[in-house]
Engineer: 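This is the structure I have questions about; it appears just below.
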Amino acid sequence: MLDIKFIRNNIELVEEALKKRNAKGNLDEFLKLDKSRRELIAKSEQLKQTRNEVSQEIGRLKRDKKDITHLTKEMKELGQEIKRYDRELKEVEEKLNDILLSIPNIPNEDVPVGQSDEDNKEIRRWGEVKEFDFEAKAHWDLGEELGILDPKTAAKVTGARFTFLKGLGARLERALVNFMLDLHTTEHGYTEVFPPYMVHRRSMVGTGQLPKFEEDAFKIEGTDYYMIPTAEVPVTNMYREEIIDGDILPIKHVAYSACFRAEAGSAGRDTRGLIRQHQFNKVELVKFTRPEESYEELEKLTNNAEEVLKRLGLPYRVVVLCTGDLGFSSAKTYDIEVWMPSYNRYVEISSCSNFEDFQARRADIKYRPKKGEKAVYVHTLNGSGVAVGRTVAAIMENYQMADGSIEIPKALIPYMGGVERITK
RNA sequence: GGAGAGAUGUCCGAGCUGGUUGAAGGAGCUGGUCUUGAAAACCAGUGAUACCGCAAGGUACCGAGGGUUCGAAUCCCUCUCUCUCCGCCA
């Protein structure tokens, strides 16, 4: 959410930002409602002042046993009038809030302007893309042959876009979760949290998933609960409506969680394999920082996520998303893309974003720069560190051997109980 | 699931027979006196909130949302959360 005063005073700038994002915002309506809101507040508060004064006067008169009936009658009418203004105000504020919640964040100035993911800019590459001297297979074929991926049974039990991991496949998934958590907690200084997998609506609004992207979320029928699409939601909302002690910033959390996404609008895309599932595991990095430190922290966070792929020996590149591809809440995002032989291209495995104060304002998360000073919004950041299912796919494909077996990356062997290779 | 108790400012904690209560008292914090320094003691200050307004100032806020009333932290209704006991359960 943007600051209402900021929009009012920088309407051209906001318009420009929306245009760069290919987004539309009802700014004319915003200005109208904003004006009407302030007028109604002035009116209502003026009447309330009168009411407060007269009510005190009535108290005094009553104590002196004087007649007050003419005043109470008058005040009763005044009360009705106030009620009318307040009702109207509430309506206007609701409409205004709807608009406010639907305006995306303003891209940082160094974000490249562009229409789509084709305009994203590559920042750097790491690792060598392996040339296979045999016909490389996709991970879904390898997985079925090795008996470690079983989407068919999952389809029987649940439906499309779910998978049973079996044997060393399940072990690999678990090994990766532990490997990533250990790396980020012991070497990168993140504090581990294990969050609830369901959150209420207010939390989803706090991080920006709602109200705009209702169709992407799984909602639990008959409740106010949503399955989390990422640990970002519960972990960021841990500090909702709080004023954080400035001494403990930056706060760095790492959280493993399953993630649930409806994937509306991607029917027919990535239907095979682990790339696009309704449920997947992710290790998420979340930071709360002082505003002046957030971009430095974004670089560090991205590096922390990259380290996972380096240790696993998976070739990747980092791209900065252009304005047209940027997520709703983000001011700047780096995607880390891992080399996926079956796609013959790099595929997103992590998305690291600085939301600046956009989420903090929605979720009301502040800190106090100095004792006695006014509290200000923190900056929030997060990024996958990294998506586990896609890492499994990447390992299977990049580490496959001519005989259809899969080598385990060195760093992972201790987590695999010494297993060095997955064979038939 | 059943029966109770509760939610007040940075914190603890009064008020809850409706009217100088934005809210006693204490702690904390800030400044001062005293002291070689510190502690203690004492004195003074202290909404670490949001909104409207150029300002003066005003309005709101005692878990949340409604209602009664000229006037609600105080009365009524609904909801949420916390705690205790019983039952059930991983």
Side-chain angles (χ1 to χ4, degrees), chain A residues 1-9 30-101 194-206 219-220 222-226 234 237-249 258 288 290-291 357 359-378:
Chain A
M1 189 159 64
L2 302 178
D3 180 24
I4 188 165
K5 285 180 198 149
F6 177 84
I7 303 177
R8 188 189 301 151
N9 298 328
F30 168 86
L31 287 174
K32 232 196 286 174
L33 289 167
D34 177 55
K35 186 159 173 255
S36 143
R37 169 176 172 267
R38 287 186 287 159
E39 285 167 358
L40 286 166
I41 286 173
K43 270 265 172 41
S44 166
E45 290 191 348
Q46 200 185 333
L47 295 181
K48 279 174 188 165
Q49 185 180 0
T50 308
R51 182 177 67 181
N52 289 346
E53 285 165 2
V54 175
S55 289
Q56 283 201 4
E57 179 64 20
I58 288 175
R60 276 191 291 270
L61 290 174
K62 219 176 161 186
R63 215 175 9 243
D64 298 344
K65 306 241 186 315
K66 296 214 173 107
D67 181 54
I68 50 166
T69 46
H70 62 291
L71 284 176
T72 56
K73 201 176 159 202
E74 222 171 279
M75 284 305 102
K76 193 159 193 156
E77 278 163 31
L78 188 78
Q80 292 303 316
E81 203 177 341
I82 290 170
K83 221 168 246 179
R84 277 196 297 276
Y85 278 122
D86 280 351
R87 262 194 263 273
E88 200 179 333
L89 177 63
K90 199 176 166 189
E91 262 176 56
V92 168
E93 288 195 321
E94 271 168 21
K95 281 186 203 157
L96 195 60
N97 206 246
D98 285 348
I99 293 178
L100 235 38
L101 286 175
F194 189 90
Y197 285 5
M198 298 181 205
V199 294
H200 59 217
R201 187 179 176 83
R202 174 78 182 82
S203 291
M204 292 285 274
V205 172
K219 185 168 190 201
I220 309 297
T223 72
D224 184 39
Y225 294 163
Y226 292 81
N237 277 284
M238 282 170 75
Y239 298 88
R240 199 184 61 239
E241 288 150 44
E242 302 248 346
I243 295 172
I244 301 170
D245 182 355
D247 293 343
I248 63 171
L249 293 179
F288 303 81
R290 294 184 160 78
D357 62 8
Q359 289 182 329
R361 186 172 291 107
R362 284 178 162 239
D364 192 17
I365 306 171
K366 296 180 172 175
Y367 87 104
R368 201 174 306 285
K370 281 202 187 104
K371 260 205 179 88
E373 268 185 36
K374 223 172 143 60
V376 298
Y377 292 113
V378 298

Engineer: Should B/rU78 form a Watson-Crick or G-U wobble pair with both distances under 3.5 Å, which nucleotide is its partner?
Structural biologist: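 Because both required distances fall under 3.5 Å, B/rU78 counts as paired with B/rA64.
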
Engineer: Roughly how far apart are A/E81 CD and A/R51 CZ, rounded to 0.5 Å?
Structural biologist: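 It comes to 11.5 Å.
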
Engineer: Does A/R60 reach a base, just sugar-phosphate, or nothing at all? Heavy atoms under 4.0 Å.
Structural biologist: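 No contact.
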
Engineer: If we take the C1' atom in both B/rG22 and B/rC62, what is their distance in whole Å?
Structural biologist: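 That atom pair is separated by 9 Å.
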
Engineer: Please check: side-chain N/O of A/S44 versus main-chain N/O of A/L40, any donor-acceptor pairing under 3.5 Å?
Structural biologist: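 A pair under 3.5 Å: no.
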
Engineer: Taking only the P atom of each, what is the distance from B/rG13 to B/rG65 in whole angstrom?
Structural biologist: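 Roughly 24 Å separates the two P atoms.
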
Engineer: Considering just the side-chain nitrogens and oxygens of A/R37, establish if one lies under 4.0 Å of OP1 or OP2 belonging to B/rC52.
Structural biologist: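 Checking B/rC52 against A/R37, a side-chain N or O does come within under 4.0 Å of OP1 or OP2.
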
Engineer: Produce a footprint string for nucleotides 64-71 of chain B: one letter per nucleotide, 5' end first; B if the base is under 4.0 Å from any protein heavy atom, S if only the sugar-phosphate is, - if neither.
Structural biologist: --S-SSBS

Engineer: Rounded to whole angstroms, how far apart are CD on A/Q46 and C1' on B/rA60?
Structural biologist: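 Result: 16 Å.
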
Engineer: What distance, rounded to whole Å, do you find between the two P atoms, one in B/rC51 and one in B/rC61?
Structural biologist: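 It comes out at 16 Å once rounded to the nearest Å.
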
Engineer: Say we look at B/rC12 and B/rA3: how far apart would their C1' atoms be, to the nearest angstrom?
Structural biologist: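 Result for the C1' pair: 29 Å, nearest Å.
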
Engineer: Can you find a donor-acceptor pair, distance only, under 3.5 Å between A/E45 side chain and B/rG58 base?
Structural biologist: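 Pair found.
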
Engineer: Under a 3.5 Å distance rule, please check whether A/R37 uses its side chain to pair with a backbone N or O of A/V92 as donor and acceptor.
Structural biologist: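 Side chain of A/R37 to backbone of A/V92, a donor-acceptor pair under 3.5 Å: no, none is there.
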
Engineer: Are the side chain of A/N237 and the backbone of A/S203 linked by a donor-acceptor contact shorter than 3.5 Å?
Structural biologist: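 Confirmed, A/N237 side chain pairs with A/S203 backbone.
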
Engineer: Between B/rG47 and B/rG37, how far apart are the C1' atoms? Round to whole Å, please.
Structural biologist: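 Each nucleotide's C1' atom is 35 Å from the other's.
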
Engineer: When you compare B/rU80 with B/rC70, how far apart are their C1' atoms, in angstrom units rounded to a whole number?
Structural biologist: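 To the nearest whole Å, 32 Å.
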
Engineer: Heavy-atom nearest nucleotide on RNA chain B for A/Q49 versus A/I243: which residue maps closer to 5'?
Structural biologist: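 Between the two, 5'-proximity favours A/I243.
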
Engineer: Given the P atoms of B/rU84 and B/rA44, what is the spacing between them in whole Å?
Structural biologist: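 42 Å, rounded to whole Å.
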
Engineer: Could you identify the nucleotide paired to B/rG19, looking across every strand shown and requiring Watson-Crick or G-U wobble geometry with both distances under 3.5 Å?
Structural biologist: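 Partner of B/rG19: B/rC70.
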
Engineer: Can you check the distance between B/rC42 and B/rG4, where both ends of the measurement are the P atom (answer in whole Å)?
Structural biologist: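 It comes out at 47 Å once rounded to the nearest Å.
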
Engineer: Does any nucleotide pair with B/rU35 by Watson-Crick or G-U wobble geometry, both distances under 3.5 Å, and what is it?
Structural biologist: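 B/rU35 is unpaired by these criteria.
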
Engineer: Hey, does A/R8 reach any base, or is it just sugar-phosphate, or nothing, if we go heavy atoms under 4.0 Å?
Structural biologist: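 Result for A/R8 = sugar-phosphate.
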
